[in-house]
Each structure stands twice: as structure tokens, then as C-alpha cells.
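A quick write-up on the structure given underneath.
Residue numbers start at 1 and run along the sequence shown. These numbers were taken from a predicted model, which means no experiment stands behind them.
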Amino acid sequence: MKSPVPDLAPSDGEEGEDRTPLLQRAPRAETAPVCRSARYNLAFLAFFGFFVLYSLRVNLSVALVDMVDSNTTAADNRTANECAEHSTPIKVLHNQTGKKYRWDAETQGWILGSFFYGYIITQIPAGYVASRSGGKLLLGFGVLGTSVFTLFTPLAADFGVGAIIALRALEGLGEGVTFPAMHAMWSSWAPPLERSKLLSISYAGAQLGTVVSLPLSGIVCFYMNWTYVFYLFGIVGIIWFILWIWLVSDTPETHKTISPYEKEYILSSLRNQAGLSPLWPLPLRSTGSGRAGSAAMAHGPSRSAARGILPDRGTNPCALHRQVDCQPLRHQLSSQKSVPWVPMLKSLALWAIVVAHFSYNWTFYTLLTLLPTYMKEVLRFNIQENGFLSAVPYLGCWLCMILSGQAADNLRAKWNFSTLCVRRVFSLIGMIGPAVFLVAAGFIGCDYSLAVAFLTISTTLGGFCSSGFSINHLDIAPSYAGILLGITNTFATIPGMIGPIIARSLTPENTVGEWQTVFCLAAAVNVFGAIFFTLFSKGEVQNWAVRDHGEPRN
């Protein structure tokens, strides 16, 4: 009888196909229901956490309009007048009690950009700390710090430009730890076949935060006072922090109220993916010898274990055949004391995510910061319409993220699509699609309704990336997912710093032709990122993510 040992030979982690085993007989919904489950509670709490974070991030963009004396920047605002006014301004008494500051356009640019200078610093350190100590406290205090600093924004503005720039940089430091910390937590919480939907739910809060905060901040500024924008979102962030600390744990093992069935479901599913993957550390040492040892391993439940299948809930894969001296790969990954920085940074699979993340964020940050300007100065919507119409594209993106997460996991679980195939297809749709409609939006002239429709479709399709490259870190190196996200997000923050600057330099007169150049540039970057990721991405655990690069634990 043929020994199953050859089937467990490790791949090199760089050239092999995506053959990561998926759950076959592990407990499913009947033993780990979605309703009132700890893992979905974590997803929804994370959802509201990122909702708060993005509300705190974009509220200044809206409030700044009311904070600045309009006479100071009147000379800097240029409208090409290519498109005619299409609506009558709504005549409502605007609250004017907020203090005004004489900040020119360059100063405003420094204030808005200072956030990213803090944000980029904490990405990699946060991933490293979260991988060693857990992400709960790191993410919680990141949101708390950002919320508290936000409350002090009106006071900092009174102290001067330097104070508010420093405050925004500190807010960036706080927010910079959040995504790597969340990725590190999901490496312990997300069953492989639920990974797309759980992560898409949690990160979709960022899009909804943008949808709500843009118009809500405008309403608060208009009817109340710009200072209340910062007080409102700052207090909401503190309330969220209390709930997060009370209800969340770093791992299923330390959660106080998780059911035994759900805990075993999560742990066994993670073992099933990683414990007997193609990267199984060899040599396996049999207590038998020759044919006898091999034959003993091939009988009974051992054969199922060799195929990466857990016949019974909670069964240790190595306990299924005592002839083999081994330990689950998951345990080896999670107990590492050092990080393989050199092979990690040499991995083409990692750089595929870096390029895709950078490219996607170029378009995302360009539209996030300049879409209100485009609608006001080119399409010439009035200020009341502007806040809501600027948020519509992100509402579509939020819906797409939720639905695409469900679709991605269904493709893997029910249709047996490989992880690599799903990640590549969803990334292509989420990057090529937006590029096409972004270019189309620039070439339809002053057709207001069509422009808004194309921009909405473009941003909506970007939601597919949440189940594409955005979670590929967990596929290639589960134990280092936080660090990997820190690395990719560091590069992906650069577009937020330079993208809007380049876009504004290309649109000195705010003409339709100038904005066509901006949209074409963003589309070209997106297409390049999609192609690079499709060519070089991986869907299986990489060789350097295994202890001692594939060697067994001594």
C-alpha cells in the first residue's frame, strides 16, 4: 500500500500551486451558528470601530470649509465655468458662530496631509507588536487616542497652525495601528472558509463611516457649529472603546463567553488549513520502519489526516497516527519568537500585495480628498447637494464589500474555487472595473447625472478588492498577517500623501480636460497594480512563514 508521506511534501512556497486544504468534515453552522457567535460579534464591533475611525479621519475635510475665512482662500478657488449651474442654492440660515482662521490653501494642505505623516510611522511596528502581544489593546487604544485627540481639535486650532498639524499627526499615529492589529486578530479568529465575509464585514465600517460622516459633518457645521463635529465623533469613539474592551478577546481561547462548540470549530478549522497543508514540515519520523511504518500510517483515520481532513471535531491531526512524530503547523506559526524579515521582504507574493494596495489607494485617496472639489468646481453642485453626492459612491462600495465577501467564501466552500483564483479574480474586478468607469466619468463632459453614476460605479466596484488582495496577507502567512499589512499599508499610505498634491498640480484651472488627466492617471496606476497582482500573487502559505523556513520543530 502506498504511503501517504510523499503527498505531504512541502512546496517551496513560491512556485507551487494553491493546494491549501479547506474544511471538509469540520463542524459547520450546526455546531458553530452565526447567530450570537463570538466571531461575528467581533466582526460587528470591528465594523463600528472602523466606522468611527474613518469618521474621525474625514470630518476635518468638511469642517475645514467652515473653519477658514472665505476671504482668505477666495483667490485660490477657481471654477472653470465650463459647466453651467444646474440647481438653485437652498436658502437656509447658516450658523456663523464658529471661529474663523486665516489659513491659505497651502496651509490647509499641510493640515490635511499631516495625518498621513503620523499614520505611516506606526504601520510596521503595530503589526510586529500585535503578532506578539495580540491586537485587542493595540486597536482599542488606537481608537481611544484618536478620539481623545479629536476632542482637542478646537483648542489646538486656537493655539495655531503648528498645534493643529501636530495634533493631526498624533491622530495618524493612533489610527496607524488599527488595521495591522485587526489583521493580527483575524489570524486567530477567522476560519478559512469564512475569512472573506468576516474581514469584509469588519473593514466595511470604514466605507460606511465615510458615507455617514461626510454629509453629517456638513449638516452639523451648517446648523450648529463646526466644533461640534469633533465633539460628536470624539465621544462616539470613547463609547466604542468601552464596549471593545468589555466584549472582545485576542483569541478564542481567552474569550469568556464563547461556546465550546464555536471555540473548537474555529481552532480545528485553522488546524485543518495549516496543520496538514502542503507545507507540512518534513522529514516525518516514523516509529515504525520501512513498509511497516508506512503501512501503519496509511490505515484508518491516518489516511484522512494525510489528506488534510479532520474526521472528528477537536481531533489533533497528529494524534490520528501515533507513528508520526509531529506537531500542528498552526502551533509552530503562532509560537515564533523571531520574524524572518529577509525572506519575507524577498517574497514576490508580498510585493504583489504591496503594488496592488498602493495602486488601489492612489485612486481611493485621490477621490476621497478631491471628489468634493470636483463636484463643486467642475460639476457645480451646491454645498447642500455636495455633501450627500460625495458620499453616494462610498455607500455603493460599502454594499459591494459586504456582498463580495459572501460571494468569495461561497465560491471557495461550495464551488471549490482555489484561494488564489478568488483573490485574483476579485482584485481584477475591483481594480480594472473602477479604472474603466473613472476614465468614462472624465470624458462625458458636463452630464451631471452620468458623471455621478460613473463615479459611483467606479468606487462601488472597488469593494471587490476587500476579498481580493486586501486579505491575501492571511493566505500567505497567517501568523505574520499583522506585520504584512503593516508593510503593505505603509506603501499604500504614500498615495494619500502625494496623490492629491499631484492631482491639484494637474488641475490649476479646474477644467474638464485637466480632470481627465487626473482620472486617466489614477486608472493607469490601478490597471498596473491589477496586472502585477494577477501575475505574481500566491494563495498558499509561503515557505518562509513556516518555522525555520520549513524545518520541523526540534
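Checked by atom type, the side-chain pair Glu262/Tyr40 shows no donor-acceptor distance below 3.5 Å. Counted by atom type alone, Ser347 and Trp544 present one or more donor-acceptor pairs between their side chains at under 3.5 Å. No hydrogens or angles considered: a donor-acceptor pair under 3.5 Å links the side chains of Tyr203 and His183. Of the N and O atoms on the side chains of Thr363 and Thr366, not one donor lies less than 3.5 Å from an acceptor on the other residue. Side-chain contact annotation: Ser196 with Arg423, donor-acceptor N/O pair under 3.5 Å present.
Between Phe149 atom CZ and Leu170 atom CG the span is 4.5 Å, to the nearest 0.5 Å. Atom CG in Asn41 sits 7.5 Å away from atom OG1 in Thr257 (nearest 0.5 Å). Taking CE from Met182 and CZ from Phe50, the interatomic distance works out to 6.5 Å, rounded to the nearest 0.5 Å. Of the inter-residue distances, the one linking Ser404 atom OG with Lys197 atom NZ reads 12.0 Å to the nearest 0.5 angstrom. Distance CD1/Ile471 to CD1/Ile476: 12.0 Å, rounded to 0.5 Å. Taking CZ of Phe364 as the start and OG of Ser359 as the end, the distance is 15.0 Å to the nearest 0.5 Å.
Side-chain contact between Leu461 and Phe437 is present, with heavy atoms from C-beta onward closer than 4.5 Å. Put simply, the side chain of Tyr54 does not reach to within 4.5 Å of the side chain of Val212, judged on heavy atoms. Between Ser147 and Leu56, the closest side-chain pair of non-hydrogen atoms falls below 4.5 Å. You'll find the side chain of Leu484 reaches within 4.5 Å of the side chain of Met344, heavy atoms only. Under the 4.5 Å side-chain criterion, counting only non-hydrogen atoms from C-beta, Tyr360 is not in contact with Val525. With contacts defined as side-chain heavy-atom distances shorter than 4.5 Å, the pair Asn361/Thr493 does not qualify. Using a 4.5 Å cut-off on side-chain heavy atoms (C-beta onward), Leu139 and Trp244 make contact. The side-chain heavy atoms of Leu243 and Val248, taken from C-beta on, include no pair separated by under 4.5 Å.
For the side chain to side chain donor-acceptor pair (under 3.5 Å) test with Gln123, the passing option among Asn489, Thr488, Thr490, Thr178 is Asn489; the others fail.
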Does the side-chain contact (heavy atoms from CB on, under 4.5 Å) test come out yes or no for Val527 and Met431, once each step is laid out? CA-CA 6 Å; Val527 170; Met431 299 181 77; over 6 Å; no
Before giving the answer on side-chain contact (heavy atoms from CB on, under 4.5 Å), spell out for Phe44 and Ile201 the whole-Å C-alpha distance, their side-chain angles and the decisive distance to 0.1 Å. CA-CA 7 Å; Phe44 286 115; Ile201 289 173; 4.0 Å; yes
Evaluation steps, ring-ring contact (aromatic ring centres under 6.0 Å, His included), between His357 and Trp362: CA-CA 9 Å; His357 203 168; Trp362 184 286; over 10 Å; no
Can Ile245 and Leu137 be said to form a side-chain contact (heavy atoms from CB on, under 4.5 Å), step by step? CA-CA 8 Å; Ile245 294 298; Leu137 293 179; 3.8 Å; yes
How far apart are the C-alpha atoms of Glu253 and Lys263, what are their side-chain angles, what is the distance that settles it, and do they pass the salt bridge (Lys or Arg N to Asp or Glu O under 4.0 Å) test? CA-CA 7 Å; Glu253 296 96 324; Lys263 182 191 296 184; over 6 Å; no
Are Glu540 and Asp475 close enough, and set up right, to give a side-chain contact (heavy atoms from CB on, under 4.5 Å), and what steps lead you there? CA-CA 6 Å; Glu540 71 277 2; Asp475 300 322; over 6 Å; no
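Less than 6.0 angstrom separates the ring centroid of Phe532 from the ring centroid of Phe536. With ring centers used as reference points, Phe116 lies under 6.0 Å from Tyr365. Taking the six-membered ring wherever Trp is involved, the centroid distance between the rings of His473 and Trp186 does not fall below 6.0 Å. Checked against the 6.0 Å centroid threshold, Phe491 and Phe358 do not count as a close aromatic pair.
At a threshold of 4.0 Å, the pair Asp409-Lys414 does not count as salt-bridged, since none of the basic side-chain nitrogens sits closer than that to a carboxylate oxygen.
Taking each heavy atom of Pro434 and Gly462 in turn, the nearest pair found is CG-N, 3.6 Å. When all heavy atoms of Gly118 and Leu173 are compared, the closest pair comes out as O-CD2, 3.2 Å. The shortest heavy-atom contact between Glu171 and Thr146 is O-OG1, 3.5 Å. Val355 approaches Gly529 most closely through the heavy-atom pair CG1-CA, 3.9 Å. Scanning all heavy atoms of the two residues, the minimum distance from Ala126 to Gly176 falls at CB-O, 4.4 Å. The two residues Pro393 and Thr460 come nearest to each other via the heavy atoms O-OG1, 4.0 Å.
Not one N or O on the side chain of Thr459 forms a donor-acceptor pair closer than 3.5 Å with the backbone of Thr456. When atom types are taken as modelled, the side chain of Trp240 and the backbone of Leu45 share a donor-acceptor pair closer than 3.5 angstrom. The backbone N or O of Arg424 sits nowhere less than 3.5 Å from a side-chain atom of Ser427 that would complete a donor-acceptor pair. In this structure a side-chain-to-backbone donor-acceptor pair under 3.5 Å is present from Asn472 to Lys538. Judged by distance alone, the side chain of Ser187 and the main-chain N or O of Ala184 form a donor-acceptor pair under 3.5 Å. Between the side chain of Ser217 and the backbone N or O of Leu214 there is no donor-acceptor pair closer than 3.5 Å. No side-chain donor-acceptor contact under 3.5 Å links Ser470 to the backbone of Ser467.
The aromatic rings of Trp398 and Phe47 sit tilted, their planes meeting at an angle between 30° and 60°. Ring geometry for Phe469 versus Phe533: interplanar angle over 60°, hence perpendicular rather than tilted (30 to 60°).
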